[in-house]
2 protein chains.
Amino acid sequence: MGATKTEHFTDEQNAIAILAKAIGHPARVAILEYLLKVDTCICGDIVNELPLAQPTVSQHLKELKNAGLIKGNIEGNAICYCIDENVLSKLKSYFATISDNLEKKKNNCC
Amino acid sequence: MGATKTEHFTDEQNAIAILAKAIGHPARVAILEYLLKVDTCICGDIVNELPLAQPTVSQHLKELKNAGLIKGNIEGNAICYCIDENVLSKLKSYFATISDNLEKKKNNCC
DNA sequence: AATTATTATCGTAATATTGCAATATAATAT
DNA sequence: ATATTATATTGCAATATTACGATAATAATT
C-alpha cells in the first residue's frame, strides 16, 4: 500500500488533483510566477532565480511539464519553457465555479 | 535532504503551495466536491461516498483542515465539516490573475 | 576536434505521503 | 452503567517526493 487509488475517482477529479499536486510545491509556484513575469520565455535562468541546484530545478520543470502546466520548446542550445494558457484557464474556471457556488449557498454552518 | 526548502520561498508562494498540495489528491478533490454538493454539511457520510477506509478519510479530512481549506464543528455526536469560503475565494483570484495575465500577454512562443 | 554552455538523467539518501487494521475517544441512546 | 455511533489516533508497510552530486547528452562556439 501507499499508492494513490486513482482508479476509484473520476477523470476530472484525477485531472484536478494532478494539476494541484504539481502546483503543491513552493519551488514550482515560484517557477510559474517567474514564467509569468518574464516577457520572453527563454528560461535557462530559472536556475539562477531559485535557491535550488540545477538538477532539482530540472526535476521540478519536468513535473510541471508532466502535469501539463508548462510546455517546452528547444531553442537552439537552451530550452524555452512557458505556461500552458489553456490549463491555467481550466484551473481558473474550476476554482471560480467552486467559489461562486459557495457564495450562492451561504450556508454558514461552520 | 528530502525535505522541502520552505524557508527560501515567499510566504505567498508557500501559502499557495500548501493549498494546492492539499487539493493534490483525488480523494481530497472528491471530498471538496461532495461538501460543495450537499446542502447541509453534516458530513459523517463522506466515508460512505469514498472508496477508502474510515481512518484514511479521516486523515484526508485532517490534511484539508490543516491546509485551511475546510473547517469542522462538533455537532453533538458527529462532526460538521465545510469548505472555508475565504480560502477558496483566494484560490479563485490567484488563478484568475495568472490566467488573465497570460491572456493579456499572448506571447505564444511555445 | 576540443571547449563551453545548457539541460537532462542516474543514483541515492532523507523525508513525506498513502492506506489500513487496531485501538482510542467522545457523545448519545438504551 | 453499557452499548452504540461517529470520529480520531497510533503504528506500520508500501510507495512517492525532494534534493543533489556525478555524469551524460546536445548544441553552439572557438
Side-chain angles (χ1 to χ4, degrees), chain A residues 1-9 13-14 17-31 34-35 40-67 70-82 110, chain B residues 1-9 13-14 17-31 34-35 40-67 70-82 110:
Chain A
M1 281 136 235
T4 295
K5 292 187 151 184
T6 310
E7 67 279 10
H8 294 305
F9 301 97
Q13 284 165 348
N14 282 311
I18 285 171
L19 293 177
K21 189 175 185 178
I23 303 173
H25 190 289
R28 296 194 290 265
V29 173
I31 289 172
Y34 180 74
L35 287 177
T40 116
C41 65
I42 299 121
C43 306
D45 26 35
I46 295 177
V47 173
N48 301 320
E49 281 289 311
L50 295 187
L52 295 169
Q54 180 269 323
T56 308
V57 173
S58 182
Q59 197 176 266
H60 282 306
L61 285 167
K62 192 180 173 187
E63 270 162 71
L64 285 170
K65 200 158 75 174
N66 284 343
I70 64 174
K71 294 177 287 187
N73 268 356
I74 292 160
E75 191 93 346
N77 199 5
I79 280 190
C80 158
Y81 279 115
C82 63
C110 290
Chain B
M1 282 136 234
T4 295
K5 294 187 152 185
T6 311
E7 67 278 10
H8 294 305
F9 302 97
Q13 285 165 348
N14 283 311
I18 284 171
L19 293 178
K21 188 175 186 181
I23 303 173
H25 190 291
R28 296 194 290 265
V29 173
I31 290 172
Y34 180 74
L35 287 177
T40 115
C41 66
I42 298 122
C43 306
D45 25 37
I46 295 177
V47 174
N48 300 320
E49 281 288 310
L50 295 186
L52 295 169
Q54 179 268 324
T56 309
V57 173
S58 181
Q59 196 177 267
H60 282 307
L61 285 167
K62 192 179 173 185
E63 269 162 72
L64 286 170
K65 200 159 74 175
N66 284 343
I70 63 175
K71 294 176 286 187
N73 268 356
I74 293 160
E75 190 95 343
N77 199 5
I79 280 190
C80 157
Y81 278 115
C82 64
C110 290

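In what follows, every heavy atom counts, from backbone to side chain, and hydrogens, waters and symmetry copies are set aside. On a predicted model such as this, the values are computed, not experimentally measured, just so you know. Labels below follow one simple rule: chain letters A, B, ... track the order of the sequence lines, proteins then strands, and each chain is numbered from 1.
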Would you say a side-chain N or O of [X] is under 4.0 Å from OP1 or OP2 of [N]?
X: H60(A); N: dA19(D); answer: yes
X: Y81(A); N: dA8(C); answer: yes
X: H25(B); N: dG19(C); answer: yes
X: K21(A); N: dT17(D); answer: yes

* Asked: Do the rings of H60(B) and H25(B) sit parallel, tilted or perpendicular, given the 30° and 60° boundaries?
  ->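 Tilted.
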Quick one: [X] [atom1] to [N] [atom2], roughly how many Å, whole number?
X: Q54(B); N: dT4(D); atom1: CD; atom2: P; result: 18 Å
X: L52(B); N: dT18(C); atom1: CG; atom2: P; result: 11 Å
X: L50(A); N: dA19(D); atom1: CG; atom2: P; result: 10 Å
X: I18(A); N: dT17(C); atom1: CD1; atom2: P; result: 18 Å
X: E75(A); N: dA27(D); atom1: CD; atom2: C1'; result: 13 Å
X: N48(A); N: dT6(C); atom1: CG; atom2: C1'; result: 11 Å
X: N77(A); N: dT4(C); atom1: CG; atom2: P; result: 14 Å
X: N73(A); N: dT6(C); atom1: CG; atom2: C1'; result: 16 Å

Measure the spacing between [atom1] of [X] and [atom2] of [Y] and express it to the nearest 0.5 Å.
X: Y34(A); Y: N48(A); atom1: OH; atom2: CG; answer: 8.0 Å
X: L35(B); Y: L61(B); atom1: CG; atom2: CG; answer: 7.5 Å
X: Q13(B); Y: I31(A); atom1: CD; atom2: CD1; answer: 10.0 Å
X: I70(A); Y: L64(A); atom1: CD1; atom2: CG; answer: 4.5 Å

* Take I74(A) and E63(A), find for each the nucleotide of DNA chain D with the closest heavy atom, and name the residue whose nucleotide sits nearer the 5' end. =>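 Result: E63(A).
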* Does a distance-only test, which skips hydrogens and angles, find a donor-acceptor pair under 3.5 Å between the side chain of Q59(B) and the base of dA8(D)? ->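 Not at all, since no donor on one side and acceptor on the other fall under 3.5 Å apart.
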* Asked: Mapping P55(B) and G76(B) onto DNA chain C by nearest heavy atom, which one lands closer to the 5' end?
  ->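 Its nucleotide being nearer the 5' end, the pick is P55(B).
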* Would you indicate which nucleotide in dT18(C), dG19(C), dA26(C) comes nearest to any side-chain atom of T56(B)? =>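 Taking heavy atoms from C-beta onward, the closest nucleotide is dG19(C).
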* When you get a sec, tell me which of dT9(C), dC20(C), dT7(D) is the closest nucleotide to the side chain of A78(B)? =>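 Of the candidates, dT7(D) comes closest.
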